[in-house]
Every structure is written in C-alpha cells, then in structure tokens.
Novice: 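Encoded as structure tokens, here's the structure I'll be asking about.
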Amino acid sequence: MRDNVFVAICYALTLGSLLSYATVLLRRARRAGRVAKSEELPWT
Amino acid sequence: MSTTVPNPQSIPGTNASAVSRRWRGITSTGFSRVLGVATLVLVVWLVLFGLLFSPPDQTQQSSVRIMYIHVPTAWVAYLAFGVTGLSSAMYLFRRAHSLAWDRVAGASAEIGVMFMALTLITGSLWGRLTWGVYWAWDARLTTTAFLFVTYVGYLAVRRLGGSHQARAKRSAVLGLLAVIEIPLVHFSVELWRSLHQEASVANPSGDVKMDGLMLFSLFVGLIAFSLLYFWLVLHRQRAMYLEDQYDDADLDVALVERRAETKEHSRA
Amino acid sequence: MWRTARLVAAKDLGIEWRSRQVTNQVLPFAGLTLVLFAFALDRDEITARVAPGLFWLATTFSLIVLVQRTFAVETADGALDTLRVAGVDPAGIYLGKALALAAQLVVLEALLLVGVIVFYASHIRPAGIVLVIVTAFLATSGLAFVGTLYGGLAAGAKGRETLLPLLLLPVVAPVLIGATRAFEAAFGTRGGEGIRAGVEISDGWPWVGMLAIFAAVFGAAGVLAFGPLLEEA
C-alpha cells in the first residue's frame with residue numbers, strides 16, 4: 001500500500017514540477033519577448 | 001452559425017500574426033516543436049510502461065517503478081552539469097567570449113538543479129521503501145547532495161547583477177571550479193566511508209533483476225527525459241537571450257530619458 | 001609575483017594589526033562557538049569525543065568571517081580597482097591575501113586548540129603532535145586558498161554576506177572531513193566502543209595526503225582564476 005502511494009507521489013511530483021517549469025519558462029519568455037522583434041531573433 | 005467567435009484571449013489592438021505568435025510561443029521553432037511533441041509522446045509512454053506494462057519486481061514489488069523516474073532524472077542532472085562545465089570552458093577559453101555559451105551554461109545549470117532536486121526527492125522515497133531510511137551517508141548520495149548545493153550557489157552568483165559579460169565571466173569561473181570541486185568531495189567522502197564503515201548501501205540497481213520489459217521502461221525514461229532536457233535548454237537559453245535584450249532595452253530607454261533631462265536642465 | 005605577494009600580505013596584516021578587529025571580534029567569536037557547542041551537546045564524554053570536529057567547525061565558521069573582513073577592506077574604497085589599474089600582478093595579490101588569511105587562521109587555530117584542550121578535556125597523544133602540526137598547516141593552506149578565491153569572486157557584489165557561506169561551505173567540506181579525521185587520530189578520540197573503535201595514529205596520514213592535494217589544486221586554480229575575476233569586478 002505504502003509502496004503505491006510513494007510511487008504515485010514520485011510520478012506526480014516529477015511530472016508536475018517539470019510541467020510547471022516548462023509553463024513558467026514559456027510565460028517568462030513571452031514577457032521578455034514583448035520588446036523583441038521576431039524578425040531579428042537569431043533562431044527565426 | 002458561421003459568425004466568427006472572437007478569441008477571448010485576443011486583446012484589442014493585437015493583430016492576427018501577434019496572436020498566432022503568442023500562441024506558438026516566441027522561443028519555439030519548427031525543430032523545437034517536433035522535439036516537444038516527441039518528448040510528450042515519450043513521457044506518456046514512460047507513464048504507461050512505468051506504471052502499467054512493466055511487471056513488479058520479485059523483491060521490491062512495485063516500488064521498483066520509482067526507478068524509471070529516478071535514474072533518468074539523475075542521468076539528466078549529471079548531463080546538465082557536464083554541459084554547464086563544458087559551456088563555461090567554451091566561454092572562457094574561446095577568444096570571442098560569446099554570451100551564447102554563457103546562456104547555455106546558465107540554462108543547463110538551472111535545469112540540472114531542478115532535475116537534481118527531483119532525483120534527491122524520488123531517491124529518498126525509494127530509499128525509505130527499500131533500505132528503510134530516507135538518507136544514508138553513502139559516497140554517491142553525499143556527492144549528489146553537494147552537487148545540488150554547489151549549483152544552487154552557482155545560480156545565486158548568476159543573479160548578482162552587473163553587466164552581461166561580468167556575469168558570464170564570474171559564472172564561468174565558478175562553473176569550472178565546480179568541476180574540480182566535485183571529484184575532491186567525492187574522493188574525500190569515499191575515503192571517509194571506506195575507512196570507517198563496512199560496505200555501505202548497496203548499489204540501488206544492483207539487487208534488481210531486470211527483465212526485458214523493465215529494461216525497456218528504463219530506456220524509455222532515459223530517452224524521454226533526455227529529449228525533455230534538450231527541449232528545456234533550447235527554450236531556456238532563448239528566453240535568457242530575450243531577457244538580456246530586455247535589460248539592454250531598458251537601459252537604453254533610461255539613457256535616452258536621462259540625456260533629455262540634462263538637456264532641459266542646461267537649457268533652463 | 002612573490003614580491004607582490006609579500007607586500008600585499010604585509011599590508012593586510014598591518015591593517016589587521018592596527019584595527020585589532022580580528023583579535024577583538026573574530027577570536028572571541030570562535031571561542032564563543034566552542035562554548036556554545038558544549039551547551040548544545042551537554043555531556044562531557046560527548047564533547048571530548050567530538051572535539052576534533054568542533055575544532056574544525058569553529059575554524060570554518062571563523063574563516064567565513066575572516067574572508068568577509070579581508071575583502072571588505074579592499075572593496076570599501078575601491079582599493080582592489082586601484083591595485084588592478086596600477087597593473088599589480090593578480091596572482092601576486094591572490095597569494096598575498098591568501099598568505100595573510102593563513103597567518104590569521106594559524107593564530108586562531110592555536111588559540112582554539114588551547115580552548116579545546118581546556119574546555120573539552122582533549123589531549124594530544126605525544127606521538128600525534130607531528131600529525132597535528134602537519135594537518136593544521138595543510139588544512140590552513142587549503143582553507144586560505146579557497147577562502148581567498150571565493151571571497152574574490154563574491155567581492156563587491158550585493159548580498160555577498162549571505163552568498164559567501166553558500167559558496168564556501170560546500171567547497172571546504174573535504175577539508176572539514178580530512179582535517180577532523182586526522183585530528184581524531186592524533187587525539188586518540190573515538191577509542192572504545194562503536195563502529196569507529198581504536199583509531200591509530202597511522203590512520204591519520206592518508207587524510208594528510210588528501211589535504212595536500214586539496215591545497216595544491218585550489219592554490220593553482222586561484223593563481224589562474226584570480227586575474228579574470230578581478231578584471232570584471
């Protein structure tokens with residue numbers, strides 16, 4: 001029983017924090033990118 | 001009903017291309033989107049194989065499923081810190097002192113710290129189930145914890161401020177110092193434990209009998225998290241580029257305002 | 001380089017001698033930590049047993065205070081910039097500051113050793129005296145090299161008071177481990193029961209080797225890295 005709870009915590013915690021990190025990352029990029037002109041970005 | 005429903009997200013004054021750019025994300029490209037989709041598919045696979053398809057272990061029962069998460073996060077964290085060290089060296093020893101290398105180093109360290117935190121948490125939960133304790137003063141565990149603290153310090157140094165080049169140089173030196181510090185810490189802890197304690201905690205994967213499906217699940221986890229790492233680094237260092245530009249733009253605006261002010265004063 | 005180092009060290013020690021900040025503030029601080037450890041650990045037999053560890057912990061904490069101090073002197077009125085603009089060899093500055101720091105640490109350690117013997121009833125085995133001196137010398141060099149390097153890294157930055165311990169403490173962990181184990185061998189503590197029964201003096205020498213490697217590696221790293229660090233400051 002405890003095994004399953006711990007396994008569930010591990011999966012939820014790992015995937016949850018990775019997902020929220022990615023979300024925050026994209027949002028921050030958007031905020032910082034307001035002044036950037038998309039034609040001038042080195043990767044476009 | 002053929003009337004177009006106004007997009008609830010659209011703000012008055014933004015045109016269609018801005019909306020689509022906002023939706024796609026400013027840091028994404030065709031390549032990163034393909035990478036992102038592949039990562040998502042593999043993460044779903046990881047959950048399916050890790051939780052459903054792979055059999056429970058004979059001795060560890062279902063707690064072995066933590067391995068499919070724990071080992072890949074540890075691998076990615078070490079990979080990330082390796083990339084940080086390498087990029088720091090590239091920044092410092094290349095004549096150009098390109099800020100691009102500095103941004104890769106910073107992005108990689110940040111992502112590595114996150115993966116390392118996850119490694120420590122999942123590892124201690126797994127340890128509680130298999131060894132009975134959350135933590136053991138094993139050489140590998142201790143080194144990992146030191147690695148984590150060291151790179152938390154590295155990230156703090158990156159936030160110290162100053163010019164971009166100053167930040168880059170300071171953190172590159174620190175990134176290389178971390179590379180020489182870690183073997184020393186590992187060596188000393190190893191010497192400490194081996195001198196004083198009988199065989200410490202067994203290699204966590206050593207007592208697991210891996211059957212084909214378990215090995216495959218672990219493999220899926222490693223690929224999935226590696227791809228995720230590349231996707232995150234790609235976006236993070238682009239976001240850093242934008243943040244640096246934003247800082248510079250702020251500085252330019254402030255300079256222009258300041259000059260205008262002094263001109264007014266001199267006229268008055 | 002060596003001449004610069006000597007001059008910088010003499011300058012730093014001269015400043016310390018005149019301001020008496022080390023003798024009036026850092027030494028009492030180190031002594032106080034010894035007393036507080038005794039309060040926290042309560043039992044006499046425990047303090048006698050962990051005395052080597054407490055000695056090096058007190059030294060490490062004092063190191064942080066000393067490093068803050070040695071760079072506060074430099075950055076307060078832009079003295080470091082002046083030295084750099086004057087074209088003084090950064091490796092010389094680094095070695096000089098490390099030398100001055102090491103000299104202060106040695107004074108501190110000598111008094112702490114007396115404190116440990118008085119408060120914790122420790123005694124050094126006669127055969128362990130050489131081990132104590134060699135260990136203290138190498139550990140002090142290592143601490144001074146690392147402290148000067150990371151102090152220079154954080155110098156002049158905002159929030160360096162809180163940043164320095166975060167950077168420094170993980171790096172000096174090998175010194176803390178090695179020097180403590182070597183002192184345990186010299187003191188003959190941890191005899192009797194437990195998993196660590198019967199520490200021989202010879203058990204201390206591998207640690208001396210590790211301390212030597214540590215000091216050499218960080219000394220070399222500091223000489224190489226201090227120049228680039230000063231340039232940007």
Side-chain angles (χ1 to χ4, degrees), chain B residues 88-89 91-93 97 99 102 113 137 139 142-200, chain C residues 142 146 149-150 152-160 162-182 184-185 190 194-200 203-204 206-207 209-211 213-218 220-222 224-233:
Chain B
S88 302
Y91 169 80
L92 217 53
F93 298 130
H97 290 310
L99 281 178
D102 167 65
V113 162
W137 290 103
T142 313
T143 308
T144 305
F146 270 95
L147 209 55
F148 179 67
V149 178
T150 302
Y151 281 94
V152 168
Y154 173 88
L155 291 182
V157 166
R158 289 190 72 85
R159 281 193 296 268
L160 279 183
S163 73
H164 298 327
Q165 283 291 347
R167 174 196 72 189
K169 194 171 281 174
R170 207 190 280 132
S171 48
V173 169
L174 195 62
L176 286 183
L177 284 178
V179 172
I180 59 173
E181 171 206 338
I182 293 308
L184 280 169
V185 169
H186 187 81
F187 178 55
S188 66
V189 177
E190 195 128 273
L191 194 59
W192 169 37
R193 295 326 281 192
S194 63
L195 272 184
H196 288 295
Q197 214 180 354
E198 333 67 86
S200 47
Chain C
V146 168
L149 180 52
Y150 280 78
L153 192 90
K158 268 177 284 170
R160 65 173 175 279
T162 44
L163 180 65
L164 192 64
L166 175 63
L167 295 179
L168 208 48
L169 288 178
V171 189
V172 299
V175 176
L176 187 67
I177 295 175
T180 304
R181 296 289 98 77
E184 276 169 3
R190 297 228 153 110
I195 44 167
R196 291 165 186 197
V199 186
E200 296 297 320
D203 289 345
W207 295 107
M210 199 216 71
L211 291 172
I213 293 172
F214 185 92
V217 166
F218 275 100
L224 291 178
F226 210 63
L229 281 181
L230 284 194
E231 270 170 40
E232 53 91 1

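We name chains A, B, ... by the order of the sequence lines, and we start the count at 1 in each one.
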Novice: In chain order, what residues pass the side-chain hydrogen bond (donor to acceptor under 3.5 Å, both in side chains) check against T150(B), with sequence neighbours excluded?
Specialist: E181(B)
Novice: What's the separation between atom CD1 in I180(B) and atom CZ in F218(C), rounded to the nearest 0.5 Å?
Specialist: 4.5 Å
Novice: How many angstroms lie between OH in Y154(B) and CG in L166(C), if you round to the nearest 0.5 Å?
Specialist: 14.0 Å
Novice: Atom CG in L92(B), atom CG in L224(C): separation rounded to 0.5 Å?
Specialist: 10.5 Å
Novice: Does the side chain of V171(C) reach to within under 4.5 Å of the side chain of V185(B), using non-hydrogen atoms?
Specialist: no
Novice: Considering only heavy atoms, which portion of L149(C) lies under 4.5 Å from any heavy atom of chain B: side chain, backbone, both, or neither?
Specialist: side chain
Novice: Rounded to the nearest 0.5 Å, what separation is found between the CD1 atom of I177(C) and the OG1 atom of T142(B)?
Specialist: 8.0 Å
Novice: Using a cut-off of under 4.5 Å for heavy-atom pairs, which of I182(B), V149(B), L184(B) has the most such pairs with chain C?
Specialist: L184(B)
Novice: I need the minimum non-hydrogen distance between W207(C) and W192(B), along with the two atoms involved.
Specialist: CH2-N, 3.3 Å
Novice: Which residue pairs satisfy the salt bridge (Lys or Arg N to Asp or Glu O under 4.0 Å) criterion with at least one member in residues 142-153 of chain B, sequence neighbours excluded?
Specialist: none
Novice: Which heavy atom of P228(C) sits nearest a heavy atom of K169(B), and at what distance?
Specialist: O-CD, 3.3 Å
